[in-house]
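Note sheet for the following structure.
Chain identifiers are assigned alphabetically (A, B, ...) following the order of the sequence lines, protein sequences preceding nucleic acid strands; residue numbering begins at 1 within each chain.
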There are 2 protein chains.
Amino acid sequence: MADNAVRKVRDDIENGIVAGEFAPGSRLDEVTLSKRFGVSRTPVREALMQLSATGAVELRPRRGAIVVDHSPQRVYEMFEVMAELEGLAGSLAARRCTASDRAALSAAHERCRASAEAGGTDAYYYDNEEFHHAIYAASHSGFLAEQCGALHRRLRPYRRLQLRVQNRLRASFDEHEQIVKAILAGDEEAARARLRAHVVVQGDRFGDLLSAFAERARP
Amino acid sequence: MADNAVRKVRDDIENGIVAGEFAPGSRLDEVTLSKRFGVSRTPVREALMQLSATGAVELRPRRGAIVVDHSPQRVYEMFEVMAELEGLAGSLAARRCTASDRAALSAAHERCRASAEAGGTDAYYYDNEEFHHAIYAASHSGFLAEQCGALHRRLRPYRRLQLRVQNRLRASFDEHEQIVKAILAGDEEAARARLRAHVVVQGDRFGDLLSAFAERARP
DNA sequence: CACCCAGCTCTTGTATACACGGCTTCGGAG
DNA sequence: CTCCGAAGCCGTGTATACAAGAGCTGGGTG
């Protein structure tokens with residue numbers, strides 16, 4: 001339920017997982033969490049179930065919840081699927097986008113340009129998210145937009161780590177430029193191919209992913 | 001939570017939705033459901049949350065759960081996304097499948113052939129599911145297999161309705177034949193294209209989808 | 001000395017009780 | 001007659017109590 005208590009608990013646990021406070025494989029005890037957050041076990045249980053649904057934790061019957069261990073291979077697979085869905089979204093956007101979609105996409109792109117030139121990875125990270133969501137919206141497929149949004153959110157921590165790599169920010173923006181051009185030109189296949197290449201982890205970026213994992217492993 | 005009570009309640013509600021007992025847009029009252037299934041509100045709540053996670057119902061804060069109304073457009077969008085993911089799975093399967101994957105795929109295909117010739121749509125429906133799962137497994141991407149499985153399951157009722165259309169069963173099997181050939185030949189692009197075409201709702205099949213909806217609307 | 005079994009404890013799964021927010025209905029006023 | 005508002009009721013959200021299964025520990029035995 002998007003209610004107050006359970007939402008708060010869910011977000012707190014999620015943040016704790018991303019921050020490394022709850023290590024992968026560690027047990028999440030319901031009573032410990034409830035005492036920690038000052039609520040009863042009920043909202044904690046519901047939060048854990050929601051996290052289980054989004055794949056952040058694994059619930060084993062009668063044995064509690066453990067933080068899932070995202071191996072590099074699994075993260076790679078997730079980016080692979082994400083690339084495919086984003087490619088579809090780009091293709092549909094190139095075909096269907098309206099004038100207001102174009103305006104929103106261009107505006108998001110310009111915000112990315114500004115933050116890329118300012119050099120703040122955090123600001124760029126946020127604007128980058130807006131950019132991708134503008135593409136989802138332009139696809140005019142509500143279900144696709146939901147799926148993309150959910151996966152995007154799930155990959156958020158890893159994307160954030162990847163952006164820290166030197167020059168990745170600039171390269172990302174240059175790729176955006178090509179993507180925008182293809183969508184505005186109505187070139188479905190170019191939009192699909194460029195978005196796919198933008199998202200998928202390949203070449204040097206696979207090494208970046210591994211190094212990001214290594215960095216995260218440290219305290 | 002794959003526990004006994006909540007799993008049973010969840011499956012019962014899901015079946016009720018598919019069977020049309022719970023009409024789209026209708027309210028699912030927690031106390032009514034709990035009395036009906038002879039359990040307390042707690043497992044009912046958890047079941048509803050799981051159904052909300054899989055998209056079968058919508059949970060509005062403080063206002064209860066309602067059965068989501070899948071418009072034809074939305075179902076079309078879901079098949080569109082499914083087609084994309086299956087295409088990716090087929091492409092990966094063509095590249096990566098091992099000897100045992102090939103054997104499993106061929107075996108599933110032969111079972112489909114048998115039930116197609118026997119003419120039983122229910123049997124074919126089941127074997128068809130096995131066939132697609134064999135492709136997911138052959139992709140050797142655990143995450144992709146999970147996503148495909150989840151979407152497949154979500155679309156199950158609509159696929160079942162579609163198979164009732166005359167000759168669709170035979171056409172489906174013929175498409176399978178081409179897909180198997182492409183995967184066994186290691187032709188990634190052919191496998192992708194044929195799986196996509198197999199799954200997506202286009203041409204006559206869009207009319208079939210609409211008629212299936214019309215039929216389901218009746219008591 | 002190692003292995004197995006039994007009892008205990010700790011945690012999850014379920015039930016019930018309590019609190020708070022929204023919806024509805026009934027009454028009054030314009 | 002219609003519209004607005006307040007109070008009561010119904011239903012969800014949260015807390016707590018009870019039951020049952022899984023893991024652990026300690027003692028006994030081979």
Side-chain angles (χ1 to χ4, degrees), chain A residues 1-17 20-69 146 150 153, chain B residues 1-17 20-69 146 150 153:
Chain A
M1 259 78 352
D3 224 342
N4 246 346
V6 35
R7 176 187 272 285
K8 185 180 177 304
V9 171
R10 175 168 64 79
D11 289 353
D12 281 350
I13 296 176
E14 202 167 39
N15 288 335
I17 291 173
E21 189 172 359
F22 303 122
S26 65
R27 247 174 98 97
L28 293 177
D29 181 24
E30 294 181 1
V31 299
T32 306
L33 290 171
S34 66
K35 273 189 287 192
R36 168 174 178 154
F37 296 121
V39 296
S40 115
R41 271 181 55 218
T42 312
V44 171
R45 275 181 70 80
E46 298 197 352
L48 286 177
M49 287 193 19
Q50 289 192 12
L51 290 171
S52 158
T54 64
V57 305
E58 186 182 351
L59 254 53
R60 295 170 305 177
R62 287 270 179 203
R63 295 185 56 195
I66 61 171
V67 180
V68 298
D69 184 17
E146 279 173 26
R153 177 185 165 149
Chain B
M1 257 62 350
D3 225 338
N4 246 344
V6 34
R7 175 187 273 283
K8 186 181 176 306
V9 171
R10 174 168 64 80
D11 289 353
D12 280 350
I13 296 176
E14 202 167 39
N15 288 335
I17 291 174
E21 190 172 358
F22 302 123
S26 66
R27 244 176 103 97
L28 294 176
D29 182 20
E30 292 181 2
V31 298
T32 306
L33 290 171
S34 65
K35 272 188 287 191
R36 166 172 180 155
F37 295 120
V39 297
S40 113
R41 271 181 55 218
T42 311
V44 171
R45 276 181 69 80
E46 299 196 352
L48 286 177
M49 287 190 26
Q50 289 192 13
L51 290 172
S52 157
T54 63
V57 305
E58 186 182 350
L59 255 53
R60 295 169 304 176
R62 286 273 181 201
R63 295 184 57 197
I66 59 170
V67 180
V68 297
D69 185 16
E146 280 173 25
R153 177 184 164 149

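- By the 4.5 Å heavy-atom criterion applied to side chains, A:Asp12 and A:Leu33 are not counted as neighbours.
- When the side-chain nitrogen and oxygen atoms of A:Arg45 are compared with OP1 and OP2 of C:dG13, one or more of them lie within a distance under 4.0 Å.
- When distances run from any side-chain atom of A:Arg27 to the nucleotides C:dT11, D:dA20, C:dT14, the shortest one goes to C:dT11.
- In this structure, the nucleotide among C:dT16, D:dT14, C:dT11 sitting nearest to the side chain of A:Asp29 is C:dT11.
- If you check C:dG13, D:dG13, C:dT14 against the side chain of B:Pro43, the one that comes closest is C:dT14.
- Atom pair B:Arg7:CZ and C:dG13:P shows a separation of 13 Å (rounding to whole Å applied).
- Among the atoms of the strands shown, only primed sugar atoms or phosphate atoms (P, OP1, OP2) are found under 4.0 Å from some heavy atom of B:Arg63.
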inquiry  = B:Arg45 vs A:Arg45, test: side chain to side chain contact (heavy atoms under 4.5 Å, CB included). Steps then yes/no.
reply    = CA-CA 11 Å; B:Arg45 276 181 69 80; A:Arg45 275 181 70 80; over 6 Å; no
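- Annotation for A:Ala53 and B:Ala53: closest pair CB-CB, 3.5 Å, computed over non-hydrogen atoms.
- The separation between A:Arg60 atom CZ and D:dG21 atom P is 19 Å, rounded to whole Å.
- In this structure, B:Glu46 atom CD and C:dG13 atom C1' are separated by 8 Å, rounded to whole Å.
- Side chain of A:Val39, nearest nucleotide from D:dA15, D:dT14, C:dA15: D:dA15.
- Here the P atom of nucleotide D:dT12 and the CD1 atom of B:Ile66 are 13 Å apart, to the nearest Å.
- In this structure, CG on A:Asp29 lies 12.5 Å from CZ on A:Arg36, to the nearest 0.5 angstrom.
- Interface remark: the B:Arg41 side chain does form a donor-acceptor pair with the D:dG13 base, using a distance-only criterion of under 3.5 Å.
- Under 4.0 angstrom from either OP1 or OP2 of C:dA15 there lies at least one side-chain N or O belonging to B:Ser40.
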